[in-house]
Amino acid sequence: MSALSAALPDFPWDLLEPAKAKAAAHPDGIVDLSVGTPVDPVPELIRRALAEASDAPGYPLTAGTPALRAAIGDWLARACHASGPLGVLPTIGSKELVAWLPTLLGVGPGDVVVIPSVCYPTYEVGVRLAGATVIRSDSLTAVGPTPRVKLVWINSPSNPTGRVLPAEHLRKVVDWARERGAVVASDECYLSLGWETQPVSVLDDAVTGGDYTGVIAVHSLSKRSNLAGYRAGFVGGDPALIGELLAVRKHAGMIVPAPVQAAMIAALGDETHLAAQRDLYGARRDTLRTALAKAGFEISHSEAGLYLWSTRGEDSWQTVDWLAERGILAAPGAFYGPAADKYVRIALTATDERVAAAVARLT
């Protein structure tokens, strides 16, 4: 039997271990700006909701409680400007949905999935798990007339680049996919973190006009609410597609724990904690961006999200090594596709003290 893992690329973060060890040897310790994991406390109202729902001896609903479904729908209407009837579904964070979406939709050998040329590695992993063919492209015209395309991934704001796609671009992608009977999946996990522009959801009336046929949007509370450890995500859009996902997920046991569902309701109903977290990230972003520019880095895109897409005009692993010598760990662009091999992704997710340490080392 052939191991499924043999079809997958090396796990990116394992490849970063030597650089991590070098950075950790710095006399003042490592400044880890690589993975982008939240470091600030989980807001008190969310922890309280989790604790109050901790007496949960029964099985939770795969579809989510009625209260959670209502909270997701209300949030999508407010934050994404979605006015049409939506299907919604909680997910175990967003990564599992990204990895398994092609399989859950019945995509398989002979089918094609289009992903951005520079993107989160798990898009490609999901295609390989399904046995389908991946095409990296930011231009659907370049994909050609093939009827084999079954799924198109878009990601705005982008991880890793922070690029934001305008409504007109999103409309063109949706129209192109509908003409071919393909599904559009929009990863919008950083939607709430626009800095230089306001990101637009694929569910926005300016894009789909309340008609979500063949369209779904993926969201996460990991970054906006510091809930990476809770594994709290959700998907919304075409009710028929959401119904298909639910039907398969019920069989597969893909269920968000009941206490986490309660915590999600609290998080989605409160914008105060998001505003406070945005202020923290915004200050860290300004400080790091200034220091990187003084150190000779060029920043591209990065108008939204939690990363500064940075280059010194050299191979990304050389830049990773240069930073590691200064006790700073970043993610090489090589993780995100061949077109990104001269960039590094530098996260804003470190404490103020560690960001200050990075700035001192850079300048």
Enquirer: Which atoms form the tightest heavy-atom contact between Ser310 and Leu292, and what is the distance?
Expert: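 Answer, listing the atom of Ser310 first, then Leu292: OG-CD1, 3.9 Å.
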Enquirer: Using every non-hydrogen atom in the two residues, find where Phe335 and Pro121 come nearest and quote the distance to one decimal.
Expert: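 Heavy-atom minimum between the residues: O-CG, 3.3 Å.
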Enquirer: Taking the side chain as C-beta and beyond, is there a heavy-atom pair between Ser94 and Asp187 under 4.5 Å?
Expert: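 Ser94 does not reach Asp187 side chain to side chain.
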Enquirer: Taking all heavy atoms of Leu362 and all of Ala291, pick out the closest pair and write down the distance.
Expert: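 So the minimum-distance heavy-atom pair works out to CD1-CB, 4.0 Å.
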Enquirer: Think Arg289 forms a cation-pi with Trp195, using NZ or CZ under 6.0 Å from the six-ring centre and within 45 degrees of its axis?
Expert: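 No.
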Enquirer: Any chance you could lay out the side-chain hydrogen bond (donor to acceptor under 3.5 Å, both in side chains) test for Glu303 and Thr197, step after step, and finish with the verdict?
Expert: CA-CA 6 Å; Glu303 59 257 33; Thr197 189; over 6 Å; no
Enquirer: Please list, one pair per line, the donor and acceptor atoms closer than 3.5 Å that link side chains of residues 34-42 to other protein atoms, with sequence neighbours excluded.
Expert:
{"unit_1": "Ser34", "atom_1": "OG", "unit_2": "Asp32", "atom_2": "OD1", "d": "2.4"}
{"unit_1": "Asp40", "atom_1": "OD1", "unit_2": "Arg284", "atom_2": "NH2", "d": "3.0"}
{"unit_1": "Asp40", "atom_1": "OD2", "unit_2": "Gln277", "atom_2": "NE2", "d": "2.7"}
{"unit_1": "Asp40", "atom_1": "OD2", "unit_2": "Arg284", "atom_2": "NH1", "d": "2.9"}

Enquirer: Of all the heavy-atom pairs spanning Lys95 and Thr122, show the shortest one and how long it is.
Expert: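 In terms of heavy atoms, the two residues are closest at CE-OG1, 3.5 Å.
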Enquirer: Would you mind checking if Glu196 and Arg285 are paired as a salt bridge, meaning a charged N to carboxylate O distance below 4.0 Å?
Expert: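 Salt bridge flag = yes for Glu196 with Arg285.
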Enquirer: Is Arg180 close enough and on-axis enough to Trp176, meaning under 6.0 Å and within 45°, for cation-pi?
Expert: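 Flagged: Arg180 positioned over aromatic ring of Trp176.
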Enquirer: Can you establish whether the number of heavy atoms outside Asp55 located under 6.0 Å from its atom CG is more than 12?
Expert: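 Counting neighbours around CG of Asp55, 12 or fewer heavy atoms of other residues, nucleotides or ligands fall under 6.0 Å, so no.
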Enquirer: Tell me which one of Phe297, Tyr336, Trp309 satisfies ring-ring contact (aromatic ring centres under 6.0 Å, His included) with Tyr343.
Expert: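 With Tyr343 as partner, ring-ring contact (aromatic ring centres under 6.0 Å, His included) holds for just one option, Trp309.
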Enquirer: Less than 3.5 Å apart, any donor N or O on the side chain of Asn159 or Arg345 sitting next to an acceptor on the other?
Expert: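 Side-chain D/A pair, Asn159 to Arg345: present.
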Enquirer: Indicate yes or no: at least one non-hydrogen side-chain atom of Leu15 is less than 4.5 angstrom from one of Trp317.
Expert: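 The answer is yes, as the side chains (C-beta and beyond) meet within the 4.5 Å cut-off.
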Enquirer: More than 12 foreign heavy atoms under 6.0 Å from CD of Glu17: is that the case here?
Expert: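 It does: Glu17 CD has more than 12 such atoms within range.
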Enquirer: State whether a side-chain donor-acceptor pair under 3.5 Å links Asp341 with Ser316.
Expert: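 Side-chain D/A pair, Asp341 to Ser316: absent.
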Enquirer: Charged N to carboxylate O under 4.0 angstrom, Arg249 versus Glu244?
Expert: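 A salt bridge is absent here (no side-chain N lies under 4.0 Å from a carboxylate O).
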Enquirer: Please report the closest heavy-atom contact between His273 and Asp270, naming both atoms and the distance.
Expert: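 That would be ND1-OD2, 2.7 Å.
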Enquirer: By side chain to side chain contact (heavy atoms under 4.5 Å, CB included), which residues pair with Thr146, not counting sequence neighbours?
Expert: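 For Thr146, the residues satisfying side chain to side chain contact (heavy atoms under 4.5 Å, CB included) (neighbours in sequence not counted) are Val143, Arg148, Val149.
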Enquirer: Looking only at the side chains, is there a donor atom on one of Ser222 and Ser220 sitting less than 3.5 Å from an acceptor on the other?
Expert: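 Yes - a donor-acceptor pair under 3.5 Å links their side chains.
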Enquirer: Is the shortest side-chain heavy-atom distance between Ser201 and Leu76 below 4.5 Å?
Expert: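 No, every pair of side-chain atoms sits at 4.5 Å or beyond.
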Enquirer: Checking Thr103 now: which residues fulfil side chain to side chain contact (heavy atoms under 4.5 Å, CB included) with it, not counting sequence neighbours?
Expert: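 Checked Thr103 against side chain to side chain contact (heavy atoms under 4.5 Å, CB included); matches are Trp100, Ala130.
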Enquirer: Which heavy atom of Leu101 sits nearest to which heavy atom of Ala185, and what is that distance?
Expert: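 Looking at all heavy atoms of both residues, the closest pair is CD2-CB, 3.7 Å.
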Enquirer: Could you check Leu33 against Leu329 for side chain to side chain contact (heavy atoms under 4.5 Å, CB included), going step by step and ending with a plain yes or no?
Expert: CA-CA 5 Å; Leu33 305 178; Leu329 188 66; over 6 Å; no
Enquirer: According to the salt bridge (charged side-chain N to carboxylate O under 4.0 Å, His left out) rule, which pairs have a member within residues 105-134, sequence neighbours left out?
Expert: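 Salt bridge (charged side-chain N to carboxylate O under 4.0 Å, His left out) check on residues 105-134 returns Glu124-Arg128, Glu124-Arg136.
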Enquirer: Check Val218, Val200, Val202 against Glu188 for a side-chain contact (heavy atoms from CB on, under 4.5 Å) and give me the one that passes.
Expert: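 For Glu188, the side-chain contact (heavy atoms from CB on, under 4.5 Å) test succeeds with only one of Val218, Val200, Val202, which is Val202.
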Enquirer: Strictly below 4.0 Å, N to O, side chains only: are Glu168 and Arg171 in salt-bridge contact?
Expert: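 No salt bridge links Glu168 with Arg171.
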Enquirer: Give a yes or no on whether a salt bridge exists between Glu298 and Lys342, defined as a side-chain N under 4.0 angstrom from a carboxylate O.
Expert: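 Looking at Lys342 together with Glu298, the answer is no, because their closest N to O distance does not fall below 4.0 Å.
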Enquirer: Return a table of donor-acceptor pairs under 3.5 angstrom between the side chains of residues 59-70 and protein atoms on other chains or two or more places apart.
Expert:
{"unit_1": "Thr65", "atom_1": "OG1", "unit_2": "Leu68", "atom_2": "N", "d": "3.0"}
{"unit_1": "Arg69", "atom_1": "NH1", "unit_2": "Gly64", "atom_2": "O", "d": "2.4"}

Enquirer: Please tabulate, for the side chains in residues 227-243, all donor-acceptor contacts under 3.5 angstrom to protein atoms that are two or more places apart in sequence or on a different chain.
Expert:
{"unit_1": "Arg231", "atom_1": "NH1", "unit_2": "Ala228", "atom_2": "O", "d": "2.9"}
{"unit_1": "Asp238", "atom_1": "OD1", "unit_2": "Ala240", "atom_2": "N", "d": "2.9"}
{"unit_1": "Asp238", "atom_1": "OD2", "unit_2": "Gly214", "atom_2": "N", "d": "2.7"}

Enquirer: Below 4.5 Å, heavy atoms only, C-beta onward: do Ile135 and Ile115 meet side chain to side chain?
Expert: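 No. Closest side-chain heavy atoms not under 4.5 Å.
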